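Working notes for the structure below.
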Amino acid sequence: LDWKRSGDYEDIVYETVEGIAKITINRPERHNAFRPTTLFELRDAFNVAQEDPEVGVIIFTGAGDKAFCSGGDQKIRGDDGYVDDKTHGIGRLNVLDLQVQIRRCPKPVIAMVAGYAIGGGHVLHVCCDLTIAADNAKFGQTGPKVGSFDGGYGSWLLAETVGLKRAREIWYLCRQYDAQTALQWGLVNAVVPLERLEEETVQWARELLEKSPLALRMLKGALNAVTDGAAGMQQFAGDATLLYYMSEEAQEGRDAFKEKRTPDFSKFPRRP
Ligand code: 2NE
């Protein structure tokens, strides 16, 4: 594929081709651990992909074949979060903002995982709509080992995905699980040989691109609404308003206001 690179990023790569955006964490020397800068850039790139009407699907991945992402960069972890030259000395946990952004993005996000998806990196793939794993992928949480935890999506979305007992095991014991186990547990959608990872992921993206974008948007909202509580309902309600705006009935209300007349809704059915 002839990926076109754009954007001026230090820690990530943003590329597009044929309606697909690919966002890559590019810190392979640290197994693609993220620092605050990485997350500022990821949030920007996800926003670019969301706003681009040409993009229908987003692939989220890590550079190289050793890791998707190994979570927060422990080497720059301060006493109140992660610190780098963009944080003005204040520790940040801004991966949480990215998790929310992936959930709220109305376009499907596919995690393409080679190697480790560990710690906060594991949570990121859990937040994605789908995960395609290479046969060398390894999954797990490390929080209780390194002095951290994620009590948000990292806990209850994981539990919703694999069940409570397994979520407890993953978090409490900090073991690593291979790709086949992840597949068996419903933690990933498919496992393919490493050399076929991108080909397979792009194939899934192409299948998604053939589908109705509005139907996918509504389904993502619906499936997220249950775990996202009021925020999930808010998004779903916003989408309902979007659909209503697109109807002749709603447009009659708008037009009547602009034309300074009483709206005539008489021709619209009062549906049972
Ligand atoms: C991922 C794992 C198990 C891989 O082990 P191995 O033996 O295959 O590789 P190695 O040698 O550990 O890693 C390769 C290089 O990447 C660095 C390593 O330090 C090493 O570089 P050198 O020291 O040799 O120069 N590296 C790997 N992961 C890193 C990280 N997260 N931060 C900084 N450097 C990292 C093994 O590397 C591992 O266990 N990594 C740590 C995983 C981890 O605990 N992540 C943080 C969890 S907490 C979190 O992400 C979080 C949260 O829970 C809540 C909010 C925000 C963040």
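Every value quoted in this text rests on a predicted model; they were computed, and no experiment measured them. Counting starts at 1 for both ligands and their atoms, following the listed order.
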For [atom], grab the closest protein heavy atom and report residue, atom and distance to one decimal in Å.
| atom | result |
| --- | --- |
| atom 37 (O) of ligand 1 | H31 CD2, 3.9 Å |
| atom 53 (O) of ligand 1 | S148 OG, 2.7 Å |
| atom 55 (C) of ligand 1 | L93 CD2, 3.7 Å |
| atom 24 (O) of ligand 1 | K75 NZ, 4.8 Å |
| atom 35 (C) of ligand 1 | R30 O, 3.7 Å |
| atom 46 (C) of ligand 1 | Q74 NE2, 3.2 Å |
| atom 1 (C) of ligand 1 | Y116 CG, 3.8 Å |
| atom 28 (N) of ligand 1 | S70 OG, 3.1 Å |

[X] bridged to [Y] by N-O distance under 4.0 Å:
| X | Y | value |
| --- | --- | --- |
| K138 | D178 | no |
| K267 | E249 | no |
| E252 | R261 | yes |
| R35 | D73 | no |

Under a 4.0 angstrom heavy-atom cut-off, which atoms of ligand 1 come close to [X]?
| X | result |
| --- | --- |
| G71 | 50 (O) |
| T142 | 43 (C), 44 (O), 45 (N), 46 (C), 47 (C) |
| F149 | 54 (C) |
| Q176 | 3 (C) |
| V95 | 56 (C) |
| I118 | 42 (C) |

Determine whether a donor-acceptor pair (N or O, by modelled atom type, separation under 3.5 Å) exists between the side chain of [X] and the backbone of [Y].
| X | Y | value |
| --- | --- | --- |
| N136 | D65 | yes |
| T24 | I12 | no |
| Q99 | Y153 | no |

Please indicate, with yes or no, if any protein heavy atom is found under 4.0 Å from [atom]?
| atom | value |
| --- | --- |
| atom 48 (S) of ligand 1 | yes |
| atom 40 (N) of ligand 1 | no |
| atom 12 (O) of ligand 1 | no |

Quick check: is [Y] connected to [X] through a chain of hydrophobic side chains (ILVMFWY, heavy atoms under 4.5 Å apart)?
| X | Y | result |
| --- | --- | --- |
| V109 | L209 | no |
| V113 | I102 | yes |
| I20 | I25 | no |

*Does K66 have a non-hydrogen atom less than 4.0 Å from ligand 1?*
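The answer is no, since K66 has no heavy atom less than 4.0 Å from ligand 1.
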_Under 4.0 Å, counting heavy atoms only: does K138 come that close to any atom of ligand 1?_
no
Given that the side chain starts at C-beta and the backbone is N, CA, C, O, which of these parts of [X] lies under 4.0 Å from ligand 1, counting heavy atoms, or is it both or neither?
| X | result |
| --- | --- |
| A33 | side chain |
| Y82 | side chain |
| D73 | both |

*asked:* I'd like to check whether D150 has a polar contact with ligand 1, where a contact means an N/O of the residue lying under 3.5 Å from an N/O of the ligand.
replied: no
*Return a yes/no value for G120: is any of its N or O atoms, backbone included, closer than 3.5 angstrom to an N or O of ligand 1?*
yes
_Is there a side-chain contact between L158 and H122 in this structure, where contact means two heavy atoms from C-beta onward sitting under 4.5 Å apart?_
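They are in side-chain contact.
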*Find out whether R77 and S148 are in side-chain contact, i.e. whether some heavy atom of one side chain is under 4.5 Å from a heavy atom of the other.*
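Answer yes - side chains close enough.
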*Side-chain donor-acceptor pair present, E169, Y177, cut-off under 3.5 Å*: yes
*In terms of heavy-atom contacts, does CZ of R5 have more than 12 from other residues, nucleotides or ligands at under 6.0 Å?*
no
